[in-house]
J.: 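Okay, handing you the structure first.
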Amino acid sequence: MTLSGTPVLVRCEGSIQNNWGSGSPDASVNVDSFSVRWKGMHNFDTGNYLFAATADDGIRVFLDNTEIINGWVDQSTTTYTSPQNMAAGIHEVKVEYYENGYDAVVEFSWRLEGTTNTP
């Protein structure tokens with residue numbers, strides 16, 4: 001849960017849509033008691049966006065270093081949303097997740113209001 005120490009695995013992923021069930025992201029990662037951090041710079045148009053994060057167990061989302069979603073608790077699969085008015089330009093998006101036990105699920109997306117586009 002502390003996202004500390006040397007990473008066991010580093011890779012680039014195009015989206016966060018993972019349901020590992022009772023497994024893990026990779027054979028090198030424990031089935032339970034692991035954490036993941038995704039971070040990237042993304043270009044947004046001006047507008048109202050809806051950020052959505054689903055997790056079993058903990059999840060939190062930061063936009064330009066400001067926490068916009070906090071579900072950092074042991075929980076069954078739960079979805080959180082956060083509407084954000086975005087200025088055009090490059091913004092940092094960071095998603096942190098931990099798995100404590102049982103199912104491992106993490107999904108994250110955003111969309112401009114009135115569209116169905118997601119990263």
Side-chain angles (χ1 to χ4, degrees):
M1 288 176 53
T2 62
L3 294 141
S4 60
T6 303
V8 173
L9 175 68
V10 176
R11 66 182 178 203
C12 182
E13 297 181 326
S15 67
I16 304 172
Q17 300 295 318
N18 300 301
N19 184 341
W20 298 297
S22 59
S24 75
D26 187 85
S28 64
V29 178
N30 294 333
V31 171
D32 290 323
S33 302
F34 66 87
S35 56
V36 182
R37 177 182 291 131
W38 293 270
K39 187 163 78 170
M41 304 301 285
H42 299 275
N43 191 22
F44 288 85
D45 292 330
T46 298
N48 294 314
Y49 287 79
L50 184 65
F51 289 78
T54 300
D56 174 340
D57 288 297
I59 191 159
R60 55 188 173 203
V61 177
F62 299 83
L63 181 59
D64 295 327
N65 293 315
T66 299
E67 188 175 70
I68 63 169
I69 292 175
N70 184 352
W72 205 247
V73 296
D74 290 353
Q75 60 192 334
S76 59
T77 303
T78 304
T79 298
Y80 300 89
T81 59
S82 177
Q84 297 291 316
N85 187 339
M86 303 289 291
I90 304 294
H91 296 273
E92 182 183 77
V93 178
K94 179 171 62 174
V95 177
E96 296 178 338
Y97 165 75
Y98 79 84
E99 164 53 17
N100 196 29
Y102 304 104
D103 289 335
V105 175
V106 59
E107 298 174 354
F108 173 71
S109 63
W110 67 76
R111 67 176 171 82
L112 182 59
E113 285 189 4
T115 70
T116 57
N117 295 338
T118 59

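In this text, all values refer to a predicted model and were calculated from it rather than measured experimentally.
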J.: List in chain and number order the residues that pass side-chain contact (heavy atoms from CB on, under 4.5 Å) with V36, two or more places apart in sequence or in another chain; answer none if no residue qualifies.
T.: F34, W38, Y97
J.: D32: what forms a side-chain hydrogen bond (donor to acceptor under 3.5 Å, both in side chains) with it, not counting sequence neighbours?
T.: none
J.: Mind checking the OG-CD1 spacing from S109 to I16? Nearest 0.5 Å is all I need.
T.: 9.5 Å
J.: Locate the shortest heavy-atom distance separating M86 from L63; write the atom from each residue and the value.
T.: SD-CD2, 3.3 Å
J.: Sub-3.5 Å donor-acceptor pair from the side chain of D45 to the main-chain atoms of A88, do we have one?
T.: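 Answer holds: no.
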J.: List the atom of G23, the atom of A104, and the distance in Å for their closest heavy-atom pair.
T.: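 It is O-CB, 4.0 Å.
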J.: To the nearest 0.5 Å, tell me how far E67 CD sits from K94 NZ.
T.: 9.5 Å
J.: With sequence neighbours excluded, tell me which residues meet side-chain contact (heavy atoms from CB on, under 4.5 Å) with L9.
T.: R11, D26, S28, V29
J.: Without hydrogens or angle criteria, can the side chains of S82 and Q84 be said to hold a donor-acceptor pair below 3.5 Å?
T.: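 Note: S82 and Q84 side chains meet the donor-acceptor criterion.
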J.: Applying side-chain contact (heavy atoms from CB on, under 4.5 Å) to V106 and W20, what does each step give before you reach the verdict?
T.: CA-CA 9 Å; V106 59; W20 298 297; 3.8 Å; yes
J.: Of the non-hydrogen atoms in V10 and P7, which two are nearest, and what is the gap between them?
T.: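 It is CG2-CB, 3.8 Å.
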J.: How close do T46 and L112 get, counting heavy atoms only, and between which atoms?
T.: O-CD1, 4.4 Å
J.: Between E92 and D64, is the side-chain contact (heavy atoms from CB on, under 4.5 Å) condition met? List the steps.
T.: CA-CA 5 Å; E92 182 183 77; D64 295 327; 4.0 Å; yes
J.: Minimum heavy-atom separation for V31 and S24, please, with both atom names.
T.: CA-CB, 4.0 Å
J.: Mind checking the CG-CD spacing from D56 to E107? Nearest 0.5 Å is all I need.
T.: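 Taking CG in D56 and CD in E107, the distance rounds to 11.0 Å.
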J.: For a quick test of reading the model, state the closest non-hydrogen atom pair linking A53 to V61 and the distance between them.
T.: CB-CG2, 4.0 Å
J.: Taking atom CG of N48 and atom CD of E113, what is their separation to the nearest 0.5 Å?
T.: 5.0 Å
J.: Scan for ring-ring contact (aromatic ring centres under 6.0 Å, His included) pairs involving residues 50-91, sequence neighbours excluded, and state none if there are none.
T.: F44-H91, F51-W110, W72-Y98
J.: Going by side-chain heavy atoms closer than 4.5 Å, which hydrophobic residues are tied to V105, directly or by a chain of links?
T.: none
J.: Do I69 and L3 sit in one hydrophobic cluster, given that two such residues count as connected whenever their side-chain heavy atoms are within less than 4.5 Å of each other, even indirectly?
T.: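 No; L3 is not reachable from I69 via cluster members.
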J.: Counting N and O atoms only, with roles assigned by atom type, does the side chain of E99 sit under 3.5 Å from a partner on the main chain of G101, one being a donor and the other an acceptor?
T.: yes
J.: How does the hydrophobic cluster around M41 look, that is, which other residues are in it when side-chain heavy atoms under 4.5 Å mark a link?
T.: I90
J.: Is any side-chain heavy atom of S33 closer than 4.5 Å to a side-chain heavy atom of N100?
T.: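 Answer yes - side chains close enough.
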J.: Has Q17 got a side-chain atom pairing as donor or acceptor with F108's backbone, closer than 3.5 angstrom?
T.: yes
